[in-house]
Amino acid sequence: MLAIAVGIASHPVFGQVSAPISRAFMSGGIYALQSDSQTAPQPTPPSSPDAPAPQNPAPFDRSSLSGYNTREKFIYDTKNVFGPVPLILNAIGAGIGQSLNSPSQWGQGAEGYADRFASSFGTNMAHQYIGFGLESVLHEDPRYMLSKDHSAKGRLKSVLRQSFTARKDAGGDTFAYARIGSAFGAGLLSNTWQPRGSRGIGDGFIRGTEILAIDIGSNLAQEFIPFIRRFQIR
């Protein structure tokens with residue numbers, strides 16, 4: 001498991017972007033997050049009989065954002081591997097696996113916890129970097145956009161919709177091929193280090209579904225928890 005991380009870190013491409021990544025961590029985030037603007041109320045002009053009916057606001061606005069280039073996507077996805085929130089989630093996931101003794105072949109104690117943490121870390125790394133490759137080829141933007149509808153129902157709809165759609169670099173929305181493909185790709189790839197009895201095709205698809213559930217949870221956290229919005233989590 002650790003060999004995967006060492007291999008990524010030693011790759012020349014990683015070295016080329018290590019300085020911008022370091023600056024990103026020290027600055028607390030390099031990407032602008034949406035925020036509610038405070039504006040003074042304006043008087044409502046009298047309506048005209050011929051005026052068109054007002055349109056409902058879009059649940060979220062991606063049109064004003066320029067798409068990420070390949071380097072920016074790499075930095076974004078790398079932060080989702082080595083950032084504080086992903087590492088904390090890896091530790092929590094390893095703790096849950098330890099409490100459930102799953103998989104049982106890894107046992108308990110420090111060694112069992114280390115195996116589970118390495119597995120969680122490696123699975124997330126595969127998810128992010130498979131996603132990076134697909135995002136670059138398919139021209140998809142990995143970011144979550146805050147909802148423009150401030151009602152709880154509208155915000156929940158935005159979370160669910162953006163969990164299965166992505167903004168295209170050239171504008172417009174598309175099915176989230178990169179996010180969903182990388183989730184199941186990582187789930188199946190993790191079979192290579194799972195113990196015997198936990199490395200079947202079905203096991204890989206179960207892990208892919210769990211990854212998607214975590215992605216939806218991260219979108220939910222970014223939408224409803226202001227503190228989380230400063231961290232770039234998928």
Side-chain angles (χ1 to χ4, degrees), residues 1-35 60-91 118 120-146 162-163 165-174 176-183 185-186 189 211-212 214-223 225-234:
M1 291 302 307
L2 296 179
I4 297 175
V6 172
I8 290 294
S10 62
H11 196 277
V13 175
F14 187 87
Q16 294 174 5
V17 298
S18 60
I21 293 171
S22 300
R23 289 195 296 270
F25 278 108
M26 294 189 65
S27 63
I30 62 173
Y31 303 117
L33 294 175
Q34 296 176 340
S35 60
F60 49 88
D61 184 11
R62 294 167 164 164
S63 60
S64 61
L65 295 175
S66 59
Y68 276 177
N69 60 35
T70 302
R71 185 182 183 187
E72 289 171 324
K73 290 176 182 177
F74 184 86
I75 294 174
Y76 181 93
D77 292 323
T78 297
K79 192 173 182 181
N80 288 333
V81 175
F82 299 101
V85 171
L87 293 177
I88 291 172
L89 291 177
N90 291 336
S120 180
F121 178 85
T123 301
N124 180 51
M125 177 181 284
H127 178 34
Q128 300 300 332
Y129 287 127
I130 293 173
F132 162 70
L134 292 175
E135 290 156 7
S136 301
V137 172
L138 300 176
H139 304 288
E140 294 180 10
D141 192 322
R143 290 172 291 180
Y144 176 79
M145 316 299 172
L146 295 182
Q162 291 191 71
S163 296
T165 64
R167 180 186 183 273
K168 295 185 290 186
D169 292 341
D173 293 341
T174 184
Y177 294 102
R179 179 181 301 112
I180 295 174
S182 64
L189 181 62
I211 293 171
L212 279 181
I214 293 172
D215 284 352
I216 294 173
S218 74
N219 289 347
L220 192 68
Q222 291 181 80
E223 181 63 49
I225 305 176
F227 172 76
I228 297 295
R229 295 173 191 168
R230 63 185 296 229
F231 297 102
Q232 306 307 315
I233 52 179
R234 184 180 290 272

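Quantities reported herein were computed from a predicted structural model and do not represent experimental measurements. Residue numbers run from 1 in the order of the sequence given.
With sequence neighbours excluded, the residues forming a side chain to side chain contact (heavy atoms under 4.5 Å, CB included) with A176 are A166, R179, listed by chain and number. Not counting sequence neighbours, the partners of I180 by the side chain to side chain contact (heavy atoms under 4.5 Å, CB included) test are F164, F175, F184, L212. Not counting sequence neighbours, S136 has no partner by the side chain to side chain donor-acceptor pair (under 3.5 Å) test.
Judged purely by atom type and a 3.5 angstrom limit, K73 uses its side chain to pair as donor or acceptor with the backbone of E140. For N90 (side chain) and P86 (main-chain N/O), a donor-acceptor pair under 3.5 Å exists by modelled atom type.
Rounding to the nearest 0.5 Å places CG of D169 at 11.0 Å from OH of Y68. Between atom NE2 of residue H127 and atom CG of residue D215 there is a gap of 3.5 Å, rounded to the nearest 0.5 Å. Taking CD from E72 and CZ from R143, the interatomic distance works out to 7.5 Å, rounded to the nearest 0.5 Å. The distance from atom OG1 of T70 to atom NE2 of H139, rounded to the nearest 0.5 Å, is 8.0 Å.
A donor-acceptor contact closer than 3.5 angstrom links the side chains of T78 and Y129. Side-chain contact, E223 with N219: no donor N or O sits under 3.5 Å from an acceptor N or O.
Across all their heavy atoms, A126 and L189 have their closest contact at CB-CD2, 3.8 Å. Heavy-atom minimum distance, L138 versus Y177: CD1-CB, 3.6 Å. The minimum heavy-atom distance linking S182 with G131 is given by the pair CB-N, 3.4 Å. Across every non-hydrogen atom of F121 and F82, the tightest pair is CZ-CE2, 3.6 Å.
Contact of the R167 side chain with the D173 side chain is registered, since non-hydrogen atoms from C-beta on lie closer than 4.5 Å.
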